[in-house]
Amino acid sequence: MADIRRDEGSFPTADNLKLFWISATPENPKAHLALVHGYAEHIGRYGHVVDHFAGLGYAVHGFDVRGHGRSEGRRGHVRQFSDYMDDLQRYLDRVKIAAGGKKVFLFGHSHGGLLAATHLLGHPTDLAGAILTSPFFGLAFKPPAVKVTAAKIIGRVVPGLHLGNEIKSEQLTRDQGFVEAHRADKLVFNVTTPGWFMAATAAQERIIAEAGQVTLPVGIFAGGNDPIADVKLAQAFYERCGSADKSFKVYEGALHEVLNETNRAEVYADINAWIEKHL
């Protein structure tokens with residue numbers, strides 16, 4: 001892919017953290033995709049996704065969310081959800097400048113889907129639409145009540161305290177290659193914080209309650225056997241979404257990371273078809 005220009009760097013947040021970004025830009029791109037990764041991972045895990053869509057003629061951008069990957073910040077922690085929103089807006093401002101007037105699609109996976117959907121509540125008119133894969137609008141399992149209560153109590157005193165999360169690599173995909181790569185990835189972490197948990201929970205409740213405010217085109221793609229993000233809540237968001245242009249597809253048998261699943265070629269083709277429809 002010698003004809004694809006690749007760049008990376010960092011940009012500052014409002015509270016002076018440095019966030020790492022990447023981009024892959026083919027000559028005369030059809031449109032620009034702004035990727036937002038999931039929780040406890042990083043944009044480096046999306047190299048194959050970047051290559052695929054850049055190879056189809058799209059400029060693809062990505063960044064490591066604060067507290068993740070090569071970006072600064074306490075691992076997995078956020079003081080308030082609005083910090084994520086401010087960071088996302090700064091990232092999108094950079095993408096839109098790079099796009100030079102061409103269409104920009106917001107593309108969020110899991111926790112990145114929650115960030116992307118929350119951004120849509122602000123009625124942005126400068127995006128062409130949003131792609132959400134396995135959006136994290138709520139857990140597919142019920143965490144122990146004692147643990148939730150403890151997190152709330154601890155969160156008032158030490159919101160940034162690191163606690164273990166219960167997500168396992170084998171819950172992400174049926175593709176063993178990606179499972180092993182996830183286990184070996186030094187930038188992946190297995191902690192969370194009470195502050196993040198409370199901020200994310202409030203954002204999840206808001207996105208379902210206010211879904212009717214979303215008016216941009218939205219395409220949702222989810223795994224039917226997702227053990228992490230509740231597919232029923234993705235369905236609820238879809239049904240309540242105020243957009244006249246929305247779609248929802250579930251891949252039977254697929255786990256959480258549909259972009260890394262054994263049927264990912266089908267997922268990529270469906271996402272590309274959705275984008276092409278909106279060019």
Side-chain angles (χ1 to χ4, degrees), residues 10-21 36-45 62-91 108-119 134-172 179 182-209 226-230 233 256-257:
S10 65
F11 66 94
T13 67
D15 52 346
N16 296 315
L17 296 179
K18 290 183 179 179
L19 303 187
F20 174 74
W21 63 265
V36 189
H37 66 77
Y39 188 74
E41 57 160 355
H42 59 98
I43 199 62
R45 295 190 68 234
F63 79 114
D64 283 339
V65 174
R66 64 169 59 217
H68 292 74
R70 295 168 67 179
S71 287
E72 295 180 342
R74 184 165 177 76
R75 298 300 89 176
H77 183 57
V78 70
R79 298 173 304 171
Q80 51 199 9
F81 206 79
S82 60
D83 287 344
Y84 284 145
M85 294 295 96
D86 290 343
D87 297 347
L88 179 57
Q89 185 61 65
R90 287 179 175 235
Y91 163 61
H109 171 70
S110 190
H111 185 256
L114 175 61
L115 269 60
T118 302
H119 180 78
S134 307
F136 182 54
F137 296 153
L139 288 168
F141 61 92
K142 189 173 183 179
V146 173
K147 191 170 184 178
V148 174
T149 300
K152 291 179 179 179
I153 294 173
I154 296 171
R156 298 190 186 101
V157 183
V158 193
L161 179 68
H162 276 158
L163 303 172
N165 70 41
E166 300 173 5
I167 306 304
K168 308 299 182 184
S169 298
E170 58 268 23
Q171 294 177 300
L172 301 177
V179 170
H182 183 266
R183 286 180 180 147
D185 195 325
K186 300 300 183 182
L187 291 180
V188 167
F189 54 86
N190 60 355
V191 297
T192 184
T193 73
W196 169 81
F197 176 78
M198 291 188 291
T201 299
Q204 290 166 338
E205 294 172 351
R206 181 191 174 201
I207 198 61
I208 298 301
D226 191 335
I228 298 172
D230 193 336
L233 288 175
H256 183 59
E257 292 187 343

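The figures that follow rest on heavy atoms only: side chains count, while hydrogens, waters and symmetry mates do not.
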Participant: Can you give me the closest heavy-atom contact between Ala229 and Ser134, atom names plus distance?
Facilitator: CB-O, 3.9 Å
Participant: So Leu114 and Phe137, do their side chains get closer than 4.5 Å, heavy atoms only?
Facilitator: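 Contact flag for Phe137/Leu114 side chains = yes.
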Participant: So, do Val36 and Val65 sit near enough that their side-chain heavy atoms are less than 4.5 Å apart?
Facilitator: yes
Participant: Taking the side chain as every heavy atom from C-beta outward, state whether Leu233 and Phe136 have any atom pair closer than 4.5 Å.
Facilitator: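 Side chain of Leu233 against side chain of Phe136, heavy atoms only: no contact under 4.5 Å found.
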Participant: Considering all heavy atoms of both residues, which atom of Leu161 and which atom of Pro194 are nearest to each other, and what is their separation?
Facilitator: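 That would be O-CD, 3.1 Å.
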Participant: Run Met85 and Gln80 through side chain to side chain contact (heavy atoms under 4.5 Å, CB included) and show every step you take.
Facilitator: CA-CA 9 Å; Met85 294 295 96; Gln80 51 199 9; over 6 Å; no
Participant: Where is the tightest heavy-atom contact between Phe11 and Asp87, given as atom of each residue plus distance?
Facilitator: CE1-O, 4.0 Å
Participant: Rounded to the nearest 0.5 Å, what separation is found between the OG atom of Ser110 and the CG atom of Asp226?
Facilitator: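 Reported to 0.5 Å precision, the distance equals 7.5 Å.
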Participant: What I'd like to find out is whether the side chain of Leu19 reaches to under 4.5 Å of the side chain of Thr13, using heavy atoms alone.
Facilitator: yes
Participant: Assign the ring pair Phe189 / Tyr39 to parallel, tilted or perpendicular, where the plane angle (0 to 90°) is split at 30° and 60°.
Facilitator: perpendicular
Participant: Between atom CG of Leu187 and atom OG of Ser71, what is the distance when rounded to the nearest 0.5 Å?
Facilitator: 10.5 Å
Participant: For residues Gln89 and His119, determine if any side-chain heavy atom of one lies less than 4.5 Å from a side-chain heavy atom of the other.
Facilitator: yes
Participant: I'd like to check Tyr91 versus Leu115 (side-chain heavy atoms, cut-off strictly below 4.5 Å). Are they in contact?
Facilitator: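 When only atoms from C-beta onward are counted, Leu115 and Tyr91 do not touch, as no gap falls below 4.5 Å.
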Participant: So which atom in Gly38 and which in His68 form the shortest heavy-atom distance, rounded to 0.1 Å?
Facilitator: O-CD2, 4.1 Å
Participant: Please check this pair: side chain of Arg74 against backbone of Gly160, looking for a donor-acceptor N/O pair closer than 3.5 Å.
Facilitator: yes
Participant: Closest heavy-atom contact between Ile167 and Asn165?
Facilitator: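 The pair with the smallest heavy-atom distance is N-OD1, 3.2 Å.
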Participant: His77 side chain to Arg75 main-chain N or O, any donor-acceptor pair under 3.5 Å?
Facilitator: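 Between the backbone of Arg75 and the side chain of His77 there is no qualifying donor-acceptor contact (under 3.5 Å).
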Participant: Give, for atom CG of Leu163 and atom OG1 of Thr193, the distance between the pair rounded to the nearest 0.5 Å.
Facilitator: 7.5 Å
Participant: Could you tell me if the side chain of His182 sits less than 4.5 Å from the side chain of Glu41, heavy atoms only?
Facilitator: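 A side-chain contact under 4.5 Å is absent here.
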Participant: Would you say the rings of His111 and Tyr84 are close, in the sense that their centroids are separated by under 6.0 Å?
Facilitator: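 Distance test on ring centres: under 6.0 Å, yes.
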Participant: Nearest 0.5 Å, please: how far is CG in Asp83 from CG in Leu88?
Facilitator: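 Spacing of CG (Leu88) from CG (Asp83) equals 12.5 Å.
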Participant: Side-chain contact test, heavy atoms from C-beta onward, threshold under 4.5 Å: evaluate it for His37 versus Arg45 and give yes or no.
Facilitator: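 Heavy-atom side-chain distance check fails, nothing below 4.5 Å.
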Participant: Roughly how far, to the nearest 0.5 Å, is OG of Ser10 from CZ of Arg70?
Facilitator: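 With rounding to 0.5 Å, CZ (Arg70) is 10.0 Å from OG (Ser10).
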Participant: Between CZ of Phe63 and CZ of Arg90, what distance do you get to the nearest 0.5 Å?
Facilitator: 12.0 Å
Participant: Donor-acceptor pair, Asp64 side chain versus Phe20 backbone, under 3.5 Å?
Facilitator: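 Not at all, since once roles are kept as given, no pair shorter than 3.5 Å links the two residues.
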Participant: Excluding sequence neighbours, so at least two apart, what forms salt bridge (Lys or Arg N to Asp or Glu O under 4.0 Å) with Asp185?
Facilitator: none
